[in-house]
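Right, one structure below, let's go through it.
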2 protein chains.
Amino acid sequence: MTAAEREQAVFTALADPTRRAVLRSIASGEAATATELAARLPVTRQAVAKHLALLEQARLVDPERVGRETRFQATPAPLEDAIAWMTAVGDQWDDRLAALARTVAED
Amino acid sequence: MTAAEREQAVFTALADPTRRAVLRSIASGEAATATELAARLPVTRQAVAKHLALLEQARLVDPERVGRETRFQATPAPLEDAIAWMTAVGDQWDDRLAALARTVAED
DNA sequence: GCAAAATGCAACCTAATGGTTGCGCAACCC
DNA sequence: GGGTTGCGCAACCATTAGGTTGCATTTTGC
């Protein structure tokens, strides 16, 4: 998977509110299963499972099979990429502001 | 618009690659119009206009009508909200790691 | 005044998305 | 061994999203 694809996967994963709730839940509590998560959310287990699959694709979550259940851990490292993208855009904007300020100062 | 709605708007706005390209373009260059942006992108002006409308809804961009054209400026402040969400999730994860490390240390 | 350029609005199309139900299979427990 | 629990897969459904074409409107420039 290329860097661009990973970036896209992360932003896509974060776009859905249910998915953010799932990720937040896993990150805050202990590793959880799809069934446990679905109990706290207004959707079915299968819907949660789909969201987990997407989060796993974005490497934001890591499944571990233990007995008959699959527990998911949060692996938020890819969030760094997204944060980097945003700060880069923000900095570009700041640079333009700074350049504009210099131009004004020169007048 | 509530905080949750603003958060949702930002994450939604960032989810589409064309929209990210538009935002990056506006943030890096000087304020641009839909027509100018469309010239550099593989989509029509109307598609760009829709993306700009969505970015504006997320307060990531600000339109200014000058004569017959509408120039858009980047206003990346809302990105802070998204970054805050991500760092919060990441920190929760770090806290769990730290707690786990303490538990292990106590053994 | 009139042609050209830029925008905005509306209708429409297609594919993707988020969700559901139903079912088969593996693992646990008594 | 047999019931129960948890998962995964597949089919299906409704809505949204991204994109297009077409047209009417405003502003500019000669």
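Reminder, nothing fancy here: chain letters follow the sequence lines and each chain counts from 1. Any value given below was found using the heavy atoms of this structure, including those in side chains, with hydrogens, waters and symmetry copies removed. Treat the numbers as computed from the prediction; the structure is a model and nothing was measured.
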Problem - Sidechain-backbone polar pair: A:S28 side chain, B:Q92 backbone, donor-acceptor under 3.5 Å - result: no

Practice task
Would you mind classifying the nucleic acid contact of B:R65 as base, sugar-phosphate or nothing, using non-hydrogen atoms under 4.0 angstrom?
Solution key: sugar-phosphate

Fill in the blank from the handout: Whole-Å distance, A:E64 CD to C:dA27 P, equals 16 Å

Problem - Distance test, side-chain N/O of A:T18 to OP1/OP2 of C:dG19, below 4.0 Å - result: yes

Handout entry: Nearest-nucleotide 5' precedence on DNA chain C, A:G67 against A:H51
Key = A:H51

Problem - Pair of N/O donor and acceptor under 3.5 Å linking C:dG18 base with A:R19 side chain - result: no

Exercise for the section: Measure from CG on A:L55 to P on C:dT17 and round the result to the nearest Å. Expected result: 14 Å

Problem - Side-chain donor/acceptor of B:R68 to base of D:dT26, under 3.5 Å - result: no

Handout entry: Rounded interatomic separation in angstrom, taking CZ from A:R45 and P from D:dA10
Key = 14 Å

Exercise for the section: May I ask you to evaluate whether A:T33 reaches the phosphate of D:dT5, defined as a side-chain N or O under 4.0 Å from OP1 or OP2? Expected result: no

Exercise for the section: Whole angstrom is fine here: how far is it from CD in A:Q57 over to P in C:dG18? Expected result: 12 Å

Completion exercise
5'-most contact on DNA chain C (nearest-nucleotide basis), A:L54 vs B:Q46, goes to B:Q46

Practice task
Give the rounded distance in Å between these two atoms: CZ of B:R71 and C1' of C:dG8.
Solution key: 17 Å

Practice task
Report yes if a side-chain nitrogen or oxygen of A:T44 is closer than 4.0 Å to either non-bridging phosphate oxygen (OP1 or OP2) of C:dT20; otherwise report no.
Solution key: yes

Practice task
Take the protein atom CG of B:L52 and the nucleotide atom P of D:dG19, then report the distance between them rounded to whole Å.
Solution key: 12 Å

Practice task
Check whether any side-chain heavy atom of A:R45 sits under 4.5 Å from a side-chain heavy atom of A:T35, and report yes or no.
Solution key: yes

Exercise for the section: For B:F72, check ring-ring contact (aromatic ring centres under 6.0 Å, His included) against everything at least two apart and list the hits. Expected result: none

Handout entry: Backbone N/O of B:E7 and side chain of B:W85: donor-acceptor pair under 3.5 Å
Key = no

Handout entry: pair B:M86-A:L14: side-chain heavy atoms closer than 4.5 Å
Key = yes

Problem - Whole angstrom value for the distance that separates C1' of D:dA17 from CG of A:D16 - result: 14 Å

